[in-house]
Amino acid sequence: MSFVHRFIRPRFLAHAAAAGLALGAAQYFGLGAEALMAAEPDRQRPLVITDSKGDRGMLAPYVHRKNGIAYLYTSYIFDTLVSQDADGNSVPGLARTWTRSQDGLSYALELQRDAKWHDGTPVTADDVTFTLRYMAEHPYVFGSVKALAGIEIEGVHDLRIHIKRAEYGLVEGLFSAIPILPRHIYEGVKDPFRFATPEAAVGSGPYRLAAYDKAQGRYRLEATEDHPLGRPRFDQIWIVKMGPDAALQAMSAGEVDVISYLPPDRLPEALDAGFAVETSPSDHVLRLGFNHRGQFQKIELRQAIAYAVDRSALLAIAFPGVAELAETGYFQPGSKWQSDEATEGYAYDPAQARDLLLAAGWTQNRAGRWQTQGEEIRLRLLTDGREVKPARVIAEQLEAFGFAVDLRVMEVAALRSLVADGDYDLTLFSSSTLGDPGNIRRRVFGRGWNSDRFPADPKMAGLIKAQAVAQSQAERQEILARFQQLYAENLPSYMLVNPLMATVFNDKLSAPFMPGGVAIGIPSALHKSIFLE
Amino acid sequence: MDNASPSLLDHPVPTEITGAGSPAVGRFAGLIGGFVLRLLIFCFVIVLCAMLSRMMPGDTLQVMLSTDLARGLGTGEVQQLQETMGLGGGIASQVWAYLSRLLAGDLGYSIPHAAPVLQLLLTALPWTGLLILGAMPVFLIGGALAGIEAGQLPGGSVDRWVTPVVTMLASLPPFTGAVLLLLVFGILWPVLPTGGAEPLFPAMDQLGRAVGVLRHAILPMLALALHELARFYFLARAETLNLAQRDFIVNARARGISPWRLRWAYIGRSLIPACLSRLSDTLTGLVSAVFFVEIVFSYPGTGYLIYSAILDRDYDLLQGAVVFMAGVVLLMNWLVDGLSGHLARRG
């Protein structure tokens, strides 16, 4: 029997397969989970939060995945200067007090005296100064330091921040958004986008990152001692990857405590099981965007489309029980910036839509198809995979109204480039209305694919500038009320529906969604303050 | 094994170059030739992938910044970031930079994951390997055994029941099979875990952990094996039908050897070269099937990594995965071809 044949005898093959499996299995034991399981078997069971996606990257400001949830988890580990209370109001974070100067051009900050980095080094004004300078050099994606003019250190825990214009939104914007970095660790880091060792996650927050298993998408956070904002309520917090069905099962079995985002259509199951359920409009509003540089330059045409779309039918067909009708004036109910004055609601009115189109010079042929200059109008409607269902409904409604509609469903990167090239008439996209109104400039007038891409209308742009330098919240509210009227009238985009979000808790804790969103405007019930006593 | 089986010679043996000097030298030259050919294909695949991935609209940074929570970066900032992330310059210069790094043994760096590509692949590959290695015996042995049974008595009860079922299985794409298994054993009759590679709280002892890992691997392994099972079932069935006419089998039957010895030692062993050569093209199918299976079962292998790499425009990671996968597939393909060529010559 030849050498080769010896190797292909069935018994050998069976052994080889078994050995391969054993080796493969042995390989795992060396990986990941061991680190998670290390130590403390007897302590109280940790708080377990499920996340349907899992891996959000190393929880350090520059390297976590660039989305709201990754930012949120990182905020448990890194503190900002200003934090939020349960109602979303600004309260002390790393800064114990902040005082605006008379002329509004500087802020005096007094830091917490007993704040410490997770490696024991005290947090000082030097760290804050370093962070703000470092972020000017290495752009931080979730906050800009462009508004700053200079920083003066006035003591170990005292500093003064000078700004270029007397902007009012700095406290709820920059101070609440930027995580403060430890100078002694980041000082030597040339490229923070490639700095992802556990050291990168040394912050000053109430929890420190104890273990991270990338393949399994798991995080283990451990409570720190003596955090200036209060004692952590849980010795450990685990964030684990688990789909909604598995999470509901595991919650019934007492294995998990919080399901971070349960798809609202699963809510009945959670309610039947007797769990505490918090729901809230996400304020991540589904909008119909217009190509303002193409077919929809004229305001009448945009308004006509708004009257031709039946939002209630859209809600009933594509979002049964899982969304609300959106406000058309940008801000949504619950926002402290939303004005009491009613804005145009664009109730479904095909006759009104027809009149507006005819007035704008479009004509309807005998078959009921809309034309302009003798040619049939073909509307290119773009959307990405997440909004296919509502996009179909909208396309059908517009078809029924007499338009030919080309629905194109693309993945985000391809969609972006089509939008940038202006190769569309309508887009369907979701975008947040949360966060400090300072971000309206980008969300309405910006050029991003998920901005309204509205050419700067002097009146509206003027109001946005004015609210930024307003001297009080009341003044800001008054200016923004006028902005909302104009938004509903001009329709930079047509706000369609506001989908609901839900978080499920067991009896260990529960908290409502934070009004106005967490920090940079993340719709969430899991602000770090609920994990503190 | 002394009787040559003509059916084996029907299988093409691509690496064989005949008539070059002594047979041994010719065989060796054939192996080398096959290797060089595959090396060329490998290089071509890498260059093609490097070009194609960069020709998709958008780049890593744009996708990274597509969240509506990100602030609007200025043009200068974007350029600066593109430079530091290696996304500056045209496609040609990026591809060139990538290839020269690759030649130096550097698989690159994944910006969205903030980790070296090699490290990402090394964490994910063992899981994918477990699924593929675990599925292999299932479809190889299961398919062959059932095929032998059916082939021995064509039209018999085994043949009549199993063949239609296997035909149906063969027509299912791997992800459909995976979803079906998930539905049956995860939801309708929830006896097996439906996702992930380990329980939420892995057992502390090694044995407990191994059991946990295996339980989680069963459904994805089965899903992966189901599709390939059909190939080997039909192969074994056809070969057995052929063999049944052959003298050495007829002889053995007449001598009255035990039916098990007939199956194992006579038919089974004769099937091995044919199965091996079939295995070489099965590998490619397995590598692409595991991709879907991992996504359905949210299994932490390479499939999900590659999927996200495409959506994230994570060029280095995508290419790293292709380098690995193409390398493994071509290497195995070369080995298996060499092996089955050798076996076919021996007859």
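Every chain is numbered from 1, with letters handed out A, B, ... down the list of sequences.
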**Asked** Heavy-atom distance under 4.5 Å to chain B: side chain of A:Glu255, backbone, both or neither?
**Response** both
**Asked** If you check every heavy atom in residues 444-452 of chain A against those of chain B, which residues fall under 4.5 Å?
**Response** A:Trp449, A:Asn450
**Request:** Please look at A:Arg416 and chain B and tell me whether the side chain, the backbone, both or neither of the residue comes under 4.5 angstrom of a heavy atom of that chain.
**Result:** side chain
**Heavy-atom contact with chain B under 4.5 Å, split by part of A:Arg443** = side chain
**Message:** For chain B, which candidate among A:Gly57, A:Ser144, A:Ala414 shows the most heavy-atom pairs at distances under 4.5 Å?
**Reply:** A:Ser144
**Request:** Report the option among A:Gly143, A:Ala60, A:Gly517, A:Gly68 that has the most heavy-atom pairs separated by less than 4.5 Å from atoms of chain B.
**Result:** A:Gly143
**Request:** Side-chain contact test, heavy atoms from C-beta onward, threshold under 4.5 Å: evaluate it for A:Asp55 versus B:His113 and give yes or no.
**Result:** yes
**Which atoms of A:Val412 approach chain B - backbone, side chain, both or neither, heavy atom under 4.5 Å** = side chain
**Request:** Check whether A:Lys214 gets within reach of chain B through its side chain, its backbone, both or neither, counting any heavy atom under 4.5 Å.
**Result:** side chain
**Message:** Are the side chains of A:Ser417 and B:Gln62 in contact, using a 4.5 Å heavy-atom criterion?
**Reply:** no
**Message:** Just to be sure I understand the criterion: a residue of residues 241-251 of chain A counts if one of its heavy atoms is under 4.5 Å from a heavy atom of chain B. Which ones qualify?
**Reply:** A:Lys241, A:Met242
**Prompt:** Does the salt bridge (Lys or Arg N to Asp or Glu O under 4.0 Å) test come out yes or no for A:Lys66 and B:Asp312, once each step is laid out?
**Reply:** CA-CA 11 Å; A:Lys66 304 296 176 283; B:Asp312 289 340; over 6 Å; no
